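To start, the structure under review is shown below, and the notes come after it.
Only a predicted model underlies this, so the values are computations on that prediction, with no experimental measurement involved. Each ligand, and each atom within it, is numbered from 1 in the order the structure gives.
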Amino acid sequence: MKKLALYWQILIGMLSGVLLGLILSQFEWGSPFVQNWIKPFGNIFINSLKLIAIPLILGSLIKGVSDLKDISQLSKIGLKTISLYIATTLVAVSVGLLIVNIIVPGQHISEETRTELISEYAGEATQKQMDAQQKREEGPLQALENIVPENIFGASADNTNMLQVIFFAIFFGIGMILIPEENAKPVKEFFDSFNSVILKLIDLIMLAAPFGVFALLATLVTEAPSGDLFVALGMYAFSVLLGLATMIVFYMLIVWLVTKRTPGYFIKGIAPAQLLGFSTSSSAATLPVTMERVEDHLGVDKGIASFVLPIGATINMDGTSLYQAVAAVFIAQAFGMHLTLTAQLGIIVTATLASIGSAAIPGAGMVMLVIVLAQAGIPEAGLALIFAIDRPLDMCRTTVNLTGDAAVAMIVAKTEGKLK
Ligand code: ASP
């Protein structure tokens with residue numbers, strides 16, 4: 001029998017997880033059962049993905065950079081990558097603002113629902129505000145300072161320091177380019193083979209993916225809040241989802257225009273990573289799979305993918321920036337505030353920066369949303385309004401985040417003549 005394609009296997013795992021979650025939530029013992037016997041397997045799956053994120057970045061980026069012939073090639077690709085990332089993020093925020101101004105989801109929230117939501121989620125919202133406070137107290141150059149670690153082992157010991165590990169890997173790779181080739185050879189061979197081992201580990205973990213997503217989704221469904229809130233927030237969720245769907249179409253179009261690869265080819269190639277991003281809500285955890293798909297199924301040269309994708313996973317979050325723009329304006333609308341054009345232009349800037357600063361982990365976009373709200377003078381307590389529905393939207397925006405990275409990787413590869 002022909003083996004089912006990976007995305008079908010993952011999709012079946014997801015659907016069975018949702019189904020089981022729905023069935024078990026009907027019983028009183030269902031939720032504790034899932035907590036004790038199913039959730040741990042989801043956690044094991046996510047942990048194993050996170051486990052290889054740092055070694056993968058180190059290995060593949062050092063190899064990627066050292067494969068380049070000279071520093072000018074590195075700076076050319078680097079500049080192109082960063083410019084494309086910023087450009088796609090600006091498109092995403094603008095799409096979000098356009099949609100939220102046309103649909104005006106905030107006007108569908110009644111006074112009653114607003115009070116109910118705020119009293120129910122005030123606690124969680126305060127927690128996010130506190131997390132954001134820490135970020136806000138940092139000086140303007142703090143983000144730049146944070147990129148350079150003082151100890152590489154310390155930096156690699158924490159998955160949230162991905163940018164520091166990326167910095168070290170690029171720096172190390174530059175050192176390798178600058179020394180005579182025969183001196184760099186042993187180190188290069190070591191990282192080549194280190195890389196192959198890590199890629200094999202990803203293959204092995206992917207064998208468990210259908211079961212992993214099954215456990216993740218079953219848990220999520222039993223932990224979800226009541227359905228009534230979803231209805232109240234329906235128009236807001238619809239606005240975010242419409243924006244995210246528009247971005248997917250946008251990626252398919254630019255990939256098609258620049259690389260001449262059809263939308264079907266692009267989506268089929270990236271689908272397993274998208275499904276995994278959706279199930280884990282973390283671009284960082286999905287990174288190993290995104291890399292594998294982009295290299296082996298979308299034809300992007302390994303050197304380009306291993307440079308463009310880890311950076312993208314950390315700084316390019318189009319879905320997150322779009323969501324932040326929509327959420328900020330939605331909260332303003334729900335509080336009856338009128339946002340001037342200048343305030344909305346301000347949101348374009350802050351949402352772009354906030355998405356760059358968001359960590360590639362579940363719920364990070366919401367922490368940075370606080371900063372967007374504060375900048376635009378929108379009540380931060382409004383976070384409580386959108387809390388109930390944040391997780392499902394997080395799943396969708398994470399999917400868009402990694403799809404954007406893949407699209408940019410293909411475009412960079414094509415323009416560098418490195419697309420197979
Ligand atoms: N979960 C998202 C990601 O990992 C970030 C966010 O919360 O928007 O890409």
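For ligand 1, one of its N or O atoms has an N or O atom of A360 under 3.5 Å away. Taking distance alone, with nitrogen or oxygen atoms compared against 3.5 Å, A364 approaches ligand 1 more closely than that limit. Below 3.5 Å of separation, one finds no N or O of A359 facing any N or O of ligand 1.
Closest to atom 5 (C) of ligand 1 by heavy atom, among T286, T320, D390, is T320.
For S358, the closest heavy-atom approach to ligand 1 does not fall below 4.0 Å.
Among all protein heavy atoms, the one lying closest to atom 6 (C) of ligand 1 is G365 N, 3.2 Å. Among all non-hydrogen protein atoms, the one lying nearest atom 1 (N) of ligand 1 is D394 OD1, 2.7 Å. Regarding atom 9 (O) of ligand 1, its nearest protein heavy-atom neighbour is S283 OG, 2.3 Å. Nearest to atom 2 (C) of ligand 1 among the protein's heavy atoms is T398 OG1, 3.3 Å.
Distance check, rounded to the nearest 0.5 Å: OG of S60 to NZ of K302 gives 10.5 Å. Interatomic distance, I270 CD1 to M252 CE, rounded to the nearest 0.5 Å: 13.0 Å.
In this view, K418 satisfies the salt bridge (charged side-chain N to carboxylate O under 4.0 Å, His left out) rule with no residue, not counting sequence neighbours. Here D394 pairs with R397 under the salt bridge (charged side-chain N to carboxylate O under 4.0 Å, His left out) rule; sequence neighbours left out.
Listed here is the closest heavy atom pair of V308 and Y85: O-OH, 2.7 Å.
Ring geometry, F330 versus Y236: the interplanar angle falls under 30°, so the pair is classed parallel (tilted spans 30 to 60°).
At a heavy-atom distance under 4.0 Å, no atom of L402 approaches ligand 1.
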